[in-house]
Amino acid sequence: MRRVTDTITELVAAGDLDGLIRLVDGLCSAREWDEIVVLRDRCRHALEERGLQLWPAAEYAEYRLALEASPEFAGPVVVEGAGRFALGPLWEVAGMHHRWADLAPHVPNGPARSMAAHERVIRGEDLSGDDGLDHHVLDLPFVLQDWEPRYPPAVYRSDSADFPTPPDAAMAGVAVAPGAEAIDDEESTEALVDLGRVWSTQSNGSVAAIAVEGDALAAIGALDPGPVVAGAAGAADVLAWMTWAGSSGGAYGRRRGTPAGRFAAWWAMAALTGLEWPPDPDELIAAAGAMPWMLWAPRD
């Protein structure tokens, strides 16, 4: 009977990338995780030893392991640098279906381990009592606060992914006036710009932030003379949208993941409220809740 490893050997020797991708699909359907690991390793060795460009098959194999394999196979691929060209960071992918108690024994130590745990927090787990987690990677609570929004989690599939937005805000057309005087608030504006930095550096987006002498509509007018739509929003609603923006890579950039977006949103809100980092969660929502917030967009 022909062995799978023989097929892997032949496809690698032939540099048959399409055949290797199809084989990964078939092995996933058969739940032959050991063989997928062999395929991944053979493809990597072919690149290192012979220069064969089979790394897409290796990356795809790791993505499918993180997405579908049992924890003992999904956990080991959750390492720094893995999944560079995947649909999302592998710690986010692995956190989609695996509870932390099942995944944790198999995830190597390092920053990616902490990020995987934070992904499970995004999906509702309370890991605040886990003493084995590194609290310095993101410096955020390992449990969602009562006042936090429930961030829409990423949805990964074998060949596609969805990154849902928060619920739409109630917005209507408003008049804005350009010409407000800009003031220096580098800490706040840099924190806001960082939410969309990947959009501008790795994708086709642009990002700008400004502080002005005046109200929110004056700030909007300084960025966009209109017409715009805008509406009042609560601090939690704004935090959800900040997190979504900070999680994304835009159209073409590398996705940072929802835990990274949550960190960027907390950082921005702490800067805007004038709190030192890391902020006490109760102090953060008290300060943020006392501020007026708006969401806005160009009318088109």
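Note that this is a predicted model, so its numbers are computed, not measured. The analysis underlying the following values was restricted to heavy atoms, covering all of them including side chains, and did not include hydrogens, waters or symmetry mates. The first residue in the sequence is number 1, and the count goes up from there.
With salt bridges taken as basic N to acidic carboxylate O contacts below 4.0 Å, one links D194 and R197. Taking 4.0 Å as the cut-off between side-chain N and carboxylate O, E148 and R262 count as a salt-bridged pair. Salt-bridge formation is detected for the pair E62/R44: a Lys NZ or Arg NE/NH1/NH2 atom is positioned less than 4.0 Å from an Asp or Glu carboxylate oxygen. Electrostatic pairing of R99 and E125 counts as a salt bridge here, judged by a charged N lying under 4.0 Å from a carboxylate O.
In this structure, the separation between CG on L138 and CH2 on W266 is 11.5 Å, given to the nearest 0.5 Å.
In this structure, P71 and W100 have side chains that are not in contact, with every pair of non-hydrogen atoms separated by 4.5 Å or more. Between V78 and H106 the shortest side-chain heavy-atom distance does not fall below 4.5 Å. Inter-residue side-chain proximity for V198 and R254 is flagged as unmet; no heavy-atom pair is nearer than 4.5 Å. Residues L127 and V143 form no side-chain contact, since every pair of their non-hydrogen atoms from C-beta on lies 4.5 Å or further apart. The closest side-chain heavy-atom distance from L39 to R42 is not below 4.5 Å. Side-chain atoms of D25 and Y60, non-hydrogen and from C-beta on, do get closer than 4.5 Å to each other. A heavy-atom distance below 4.5 Å is not found between the side chains of P89 and M115. A 4.5 Å side-chain heavy-atom check between L140 and H118 finds at least one atom pair inside the cut-off.
The other residues sharing a hydrophobic cluster with V176 are V174, I210, V212, L217, I220, L223, V228, M294, W296, where clustering joins ILVMFWY side chains under 4.5 Å apart.
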Could you walk me through whether R255 and S248 pass side chain to side chain donor-acceptor pair (under 3.5 Å), step by step?
CA-CA 5 Å; R255 177 172 169 79; S248 174; 5.2 Å; no

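A 6.0 Å sphere centred on CZ of R150 holds more than 12 heavy atoms belonging to other residues, nucleotides or ligands.
Note: H135 and F142 have perpendicular aromatic rings, judged against thresholds of 30 and 60 degrees for the angle between ring planes. Aromatic ring pairs are classed by plane angle as parallel below 30°, tilted from 30° to 60° and perpendicular above 60°; the pair W241 and W244 is perpendicular.
The closest side-chain donor-acceptor pair between E35 and W33, if any, does not fall under 3.5 angstrom. Residues D159 and Y63 have side chains that never bring a donor and an acceptor to within less than 3.5 angstrom of each other. Looking at W267 and E190, their side chains never bring a donor and an acceptor atom within 3.5 Å of each other.
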